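Proteins get letters first, then strands, A, B, ... in listed order; numbering begins at 1 in each. Just so it is clear, the structure is predicted and the values come from calculations on it, not from any experiment.
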Protein chains: 2
Amino acid sequence: MVLKYQEIANSLADKVNNHEYTDKLPSEGELMTEYGASRNTIRNSLDILYNQGLIKRIQGSGYFVNTALHGEDYVMNLANKVGMNSLGVKYPITSQVLKLESIEADEKLAEILECEVGAPVYYIQRLRHSNNKLYALEKTYYLKEFIPYLSKEICEKSIFKFIIENYHISIKNADEYVTIYNLSDEEAKITDRESGSPTIRIEELNYLKNERPFNYSRTCYFQDDLTIYYHVNNYLN
Amino acid sequence: MVLKYQEIANSLADKVNNHEYTDKLPSEGELMTEYGASRNTIRNSLDILYNQGLIKRIQGSGYFVNTALHGEDYVMNLANKVGMNSLGVKYPITSQVLKLESIEADEKLAEILECEVGAPVYYIQRLRHSNNKLYALEKTYYLKEFIPYLSKEICEKSIFKFIIENYHISIKNADEYVTIYNLSDEEAKITDRESGSPTIRIEELNYLKNERPFNYSRTCYFQDDLTIYYHVNNYLN
DNA sequence: ATACATTTGTGCGTATGTATG
DNA sequence: GCATACATACGCACAAATGTA
């Protein structure tokens with residue numbers, strides 16, 4: 001089913017990311033006629049962009065492109081991974097699949113993925129490159145209950161893209177955990193780095209719309225100057 | 001001016017953080033009668049908690065307390081700093097003021113704070129402790145245009161609390177930048193750590209409701225196992 | 001398996017307040 | 001003072017998912 005506010009949000013996000021809007025966005029009223037939607041729906045769409053830190057809003061003035069992300073080279077927006085991944089990336093990302101295994105969830109993984117111990121899971125280990133430079137080591141788990149089939153060819157490209165297109169799954173939300181992580185001997189060897197050297201690690205737990213987790217990943221990023229950006233709204237007092 | 005949805009959001013957040021709700025929240029309908037508000041207003045309030053990762057929502061079922069943050073000791077929610085700071089902290093935070101200076105913005109700071117070069121600014125350096133343990137070194141700048149007065153006594157407590165209560169300023173949103181930062185010689189000396197040792201550093205730029213930045217800070221956190229949590233909604237496809 | 005009530009999700013409308021220019 | 005634009009708050013209707021009888 002096509003959701004109006006999602007469609008509009010996608011369209012607006014595209015225009016922001018493709019620099020069709022460089023400073024000011026059309027007013028809510030203009031967007032209402034442009035997209036044939038009510039004010040609530042338009043604001044719903046704009047809320048998504050706002051929460052992701054793509055735009056700023058000023059009462060009485062209008063909506064503006066957020067430039068916090070522009071200019072810096074190694075800034076990654078935690079809210080949509082734009083910057084290093086999909087849209088904002090300058091060079092395409094290639095993935096070297098180190099492992100693609102069918103395993104069963106142990107107790108720890110079962111708790112994380114909220115599944116039975118022994119539930120079938122894909123375990124994938126990938127090295128990710130951009131512009132011929134290693135930038136991340138990713139270990140990821142997919143519940144076969146939701147993702148029944150994966151192949152090496154799929155894992156060399158974008159797994160999420162495959163999932164969304166083929167299984168018509170939509171990711172509703174995610175929990176992200178950021179820490180400093182010191183590489184293990186094995187990880188250091190794989191990535192040609194020093195053992196114990198500190199990296200930024202992002203753990204990610206992705207949920208379907210019924211709040212069921214279907215994917216868990218741990219990714220270490222190797223840019224020394226990598227900056228993770230995140231936009232916060234509505235402080236509570 | 002008191003905003004209904006903000007009041008309700010504060011009330012609900014309190015109840016979640018004080019474990020008045022342990023699993024399921026009342027339904028939207030129940031909250032409507034409890035707070036005497038329309039469904040839109042209630043949903044507005046719940047949206048805030050949802051975006052901050054305090055609650056989960058399941059269509060047809062209800063709203064639930066997000067347990068992603070519970071259980072772990074050193075998890076800090078980037079969206080509201082609960083965990084290490086205000087509500088969720090087990091021990092009160094004390095601040096040792098190392099510096100409290102009146103300076104003028106140089107070119108770099110002026111660009112960050114969107115002010116004139118030479119604009120008067122407070123520069124504060126603090127060591128922050130919890131449970132008699134050093135946990136952060138903070139360097140922060142406040143534009144005097146908005147925060148005309150600060151004292152050592154105020155800085156030893158919560159600056160934000162003072163600002164909100166006395167200047168009736170409300171923080172609308174913030175940009176956060178997370179990196180690995182290696183301590184300088186001076187910083188290492190102050191904090192009794194090894195020079196060059198890696199820490200998690202959060203840069204924060206806080207905005208007033210007209211999108212004017214009024215505060216910029218850089219804080220290094222010293223828990224080796226500190227984890228930064230962040231909740232992401234509404235992936236765009 | 002079905003039907004039904006409950007609960008959240010989407011979308012529309014309207015009115016009024018507040019900030020900007 | 002005025003027009004414009006975003007902010008808050010109310011209302012309604014129907015869709016979709018869930019839980020239960």
For A:Arg57 and B:Lys4, take the nucleotide of DNA chain D holding the closest heavy atom to each; which residue's nucleotide lies nearer the 5' end? A:Arg57
Under 3.5 Å, which N/O atoms of the protein pair with N/O atoms of nucleotides 11-14 of chain D?
{"residue": "D:dG11", "atom": "O6", "partner": "B:Asn40", "partner atom": "ND2", "Å": "3.0"}

Using heavy atoms to find the nearest nucleotide of DNA chain C for B:Gly29 and B:Lys209 separately, return the residue whose nucleotide is more 5′. B:Gly29
Please state how far atom NZ in A:Lys172 lies from atom P in C:dT10, giving the value in whole angstrom units. 9 Å
Gap between atoms CG and P, on A:Leu208 and D:dA17 respectively (whole Å): 13 Å
Salt bridge between B:Lys99 and B:Glu138, side-chain N to carboxylate O under 4.0 Å? no
Value in whole Å for how far the P atom of D:dA9 lies from CG of B:Asn44: 8 Å
Here the distance between atom P of C:dG9 and atom CD1 of A:Ile48, to the nearest Å, is 13 Å
For the side chain of B:Thr41, starting at C-beta, report the closest nucleotide among C:dG11, D:dC10, D:dT8. D:dC10
Any A:Arg43 side-chain N or O less than 4.0 Å from OP1/OP2 of D:dC6: no
Do B:Thr140 and B:Tyr123 come close enough that some side-chain heavy atom pair is under 4.5 Å? no
Please confirm whether B:Lys24 makes a cation-pi placement over B:Phe64, using NZ or CZ under 6.0 Å from the six-membered ring centre and within 45° of the ring normal. yes
Table of protein N/O atoms under 3.5 Å from nucleotides 2-7 of chain C N/O atoms:
{"residue": "C:dT7", "atom": "O2", "partner": "B:Gly60", "partner atom": "N", "Å": "3.4"}

Over 12 foreign heavy atoms within 6.0 Å of CD, B:Glu114: yes
Cation-pi, B:Tyr149 ring and B:Lys144 (6.0 angstrom, 45 degrees): no
Any strand is fair game: report the nucleotide pairing with D:dC12 by Watson-Crick or G-U wobble, both distances under 3.5 Å, or none. C:dG11
Expressed in angstrom and rounded to an integer, what is the separation of A:Lys56 atom NZ from D:dC6 atom P? 16 Å
Test: A:Glu203 and A:Arg218 ion pair at under 4.0 Å: no
Give the rounded distance in Å between these two atoms: CD1 of A:Ile8 and C1' of C:dT10. 12 Å
Would you kindly check if the NZ (Lys) or CZ (Arg) of A:Arg201 is within the cone defined by 45 degrees around the ring axis of A:Tyr221 and under 6.0 Å from the six-membered ring centre? no
Check this for me: does any side-chain nitrogen of one of B:Glu156 and B:Arg126 sit under 4.0 Å from a carboxylate oxygen of the other? no
Touch class at under 4.0 angstrom, heavy-atom based, for A:Asn210 against every strand present: sugar-phosphate
Length of the OH-P vector between B:Tyr5 and C:dT18, whole Å: 13 Å
To the nearest Å, give me how far apart CG (B:Leu3) and C1' (C:dG17) are. 11 Å
Please tell me whether A:Tyr5 and A:Asn40 have a donor and an acceptor in their side chains that are separated by less than 3.5 angstrom. no
